[in-house]
2 protein chains.
Amino acid sequence: MDDRRGPHLLFLTDEQLKKGIEAMFFAYKGFTADPDRILEQYGYGRAHHRAIHFIHRSPGTTVNNLLAILGVTKQSLNRVLRTLVEDGLVESRVGTRDKRERHLVLTEKGQALEADLAEAQRARMRAAYREVGPEAVDGFRKVLEAMMDPDMRRHFNALKDPE
Amino acid sequence: MDDRRGPHLLFLTDEQLKKGIEAMFFAYKGFTADPDRILEQYGYGRAHHRAIHFIHRSPGTTVNNLLAILGVTKQSLNRVLRTLVEDGLVESRVGTRDKRERHLVLTEKGQALEADLAEAQRARMRAAYREVGPEAVDGFRKVLEAMMDPDMRRHFNALKDPE
DNA sequence: TGGTAAAGTCAACAAGACTGACGTAAATTG
DNA sequence: CAATTTACGTCAGTCTTGTTGACTTTACCA
């Protein structure tokens with residue numbers, strides 16, 4: 001309601017916040033557009049992409065861990081995972097230390113699709129980054145991280161950082 | 001594949017781009033979490049939120065314009081719009097200049113829900129902004145805009161800017 | 001041995017997207 | 001003025017991706 005608040009001097013009006021919210025909405029569309037086009041050719045959806053992405057990112061991850069990262073139910077994930085295993089993109093290996101666990105890894109075929117999807121998505125990100133410069137990118141990442149729920153931030157930070 | 005490229009010196013490795021992509025994924029979850037909780041109490045979903053948001057933002061907008069902004073089919077939008085009109089949150093007024101058009105406006109009840117949803121979403125955005133400072137916010141907005149498809153960027157820029 | 005945990009599955013359901021086909025009213029154009 | 005196009009609404013059917021709830025199998029652990 002009020003436009004200016006906060007402890008020091010404040011720079012963010014509700015209108016400016018609203019523009020940020022809208023930017024997020026429009027940008028997310030662009031963010032998913034390129035991989036979506038590729039996935040369509042394979043008869044896959046975004047859920048498949050997410051599974052492939054995080055399995056690639058943490059090879060050998062367990063189903064439970066993946067569930068926590070994606071924040072969906074096991075029934076939902078299982079549907080996706082089953083088709084990926086059937087199609088030979090993902091391999092599910094029985095755990096050695098704990099045989100109840102299944103460790104998920106991408107097959108060669110899975111890695112090929114992952115590379116395809118990742119490159120498409122990176123291309124847009126790279127173009128955007130290049131357009132706006134390194135300082136902007138730093139700010140972008142900082143705001144995004146600050147917007148995450150604590151649990152998600154934990155998962156985000158657990159993913160290995162670029163050296 | 002290669003890590004460094006571009007005309008000058010380059011700062012973005014594929015690994016860094018990947019972290020940006022993941023940040024986007026986790027942040028979007030947080031971005032929608034608060035309004036989702038409110039919407040649930042009314043039996044509405046995100047689609048209702050989006051319609052309400054953009055009708056509030058451009059009062060009197062036509063159905064066609066809303067379709068272009070949201071990027072969905074009219075069948076999909078209509079389902080949502082119908083319930084909002086039935087529930088008395090949105091009013092659909094026959095156009096005066098062109099009687100084929102319907103101009104959409106929020107009723108008082110609609111405005112009340114909009115205010116609720118907007119404040120919930122702004123609160124998180126505000127907290128994030130405050131955590132990271134004004135320079136970061138500027139970068140955030142710049143990157144998001146650079147990530148949009150041209151059409152979406154057009155719609156984004158057509159929304160009135162904070163003075 | 002008994003309880004808990006990991007994974008998988010079956011069934012039913014809902015939101016929200018899609019396509020395709022149609023209908024009506026109003027505007028526009030030849 | 002007649003024909004076409006536009007704006008909107010609707011019916012019907014499909015798909016993806018999420019949900020809940022119940023149940024099983026296997027394995028770990030105290």
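Proteins get letters first, then strands, A, B, ... in listed order; numbering begins at 1 in each. Keep in mind that this is a model prediction, so the values were computed, not measured.
- Per the geometry, CG belonging to A:Leu81 stands 10 Å off P belonging to C:dA7, to the nearest Å.
- Within the nucleic acid shown, A:His48 comes within 4.0 Å of sugar-phosphate atoms alone, with no base atom in reach, counting heavy atoms only.
- The pair A:Arg141-B:Glu22 does not count as a salt bridge, with every side-chain nitrogen at least 4.0 angstrom from each carboxylate oxygen.
- Distance CD (B:Gln75) to C1' (D:dC11): 10 Å, rounded to an integer number of Å.
- The residue among A:Arg82 and A:Glu101 whose nearest nucleotide of DNA chain C is located toward the 5' end is A:Glu101.
- In this structure, A:Leu77 atom CG and C:dA6 atom C1' are separated by 13 Å, rounded to whole Å.
- The phosphate of D:dT19 (OP1 or OP2) has a side-chain N or O of A:Thr73 nearer than 4.0 angstrom.
- Side-chain proximity of B:Arg102 to C:dT9, D:dG9, D:dA27: nearest is D:dG9.
- An OP1 or OP2 oxygen of D:dC8 is reached within less than 4.0 angstrom by a side-chain nitrogen or oxygen of B:Asn64.
- A salt bridge is absent between B:Arg154 and B:Glu145; no separation between the charged side-chain nitrogens and carboxylate oxygens falls under 4.0 Å.
- Taking atom CG on B:Leu67 and atom P on D:dT6, their separation rounds to 15 Å, with Å as the unit.
- Within the 4.0 Å cut-off from OP1 or OP2 of C:dA17, at least one side-chain nitrogen or oxygen of B:Arg50 is found.
- A salt bridge links B:Lys142 to B:Asp138: at least one charged side-chain nitrogen sits closer than 4.0 Å to a carboxylate oxygen.
- Residue contacts shown for B:Arg79 include a base, since a base heavy atom lies under 4.0 Å away.
- Protein atom CG of A:Leu66 is 13 Å distant from nucleotide atom C1' of C:dA7, rounded to whole Å.
- In this structure, the NZ atom of A:Lys74 is 9 Å from the P atom of C:dG8, given to the nearest Å.
- Picking from C:dG8, D:dT6, D:dC8 the nucleotide with the shortest atom distance to the side chain of B:Arg100 gives D:dT6.
- With the nearest nucleotide of DNA chain D identified for both A:Ser76 and A:Gly95, A:Ser76 has the one nearer the 5' end.
- Here D:dG18 is the nucleotide among D:dG18, D:dC8, C:dG8 with the atom lying nearest to any side-chain atom of A:Ala47.
- One interatomic measurement links the two molecules: CG of A:Asn78 to C1' of C:dT9, which rounds to 7 Å at whole-angstrom precision.
- One can place CD1 of A:Ile52 at 11 Å from P of D:dT17, the figure rounded to the nearest angstrom.
- Here the two rings, on A:Phe25 and A:Phe31, have centers that are 6.0 Å apart or farther.
- Remark: B:Arg122 does not engage B:Asp34 in a salt bridge, criterion side-chain N to carboxylate O under 4.0 Å.
- Counting only heavy atoms from C-beta on, B:Val63 has its side chain closest to D:dG9 among D:dT17, D:dG9, C:dA26.
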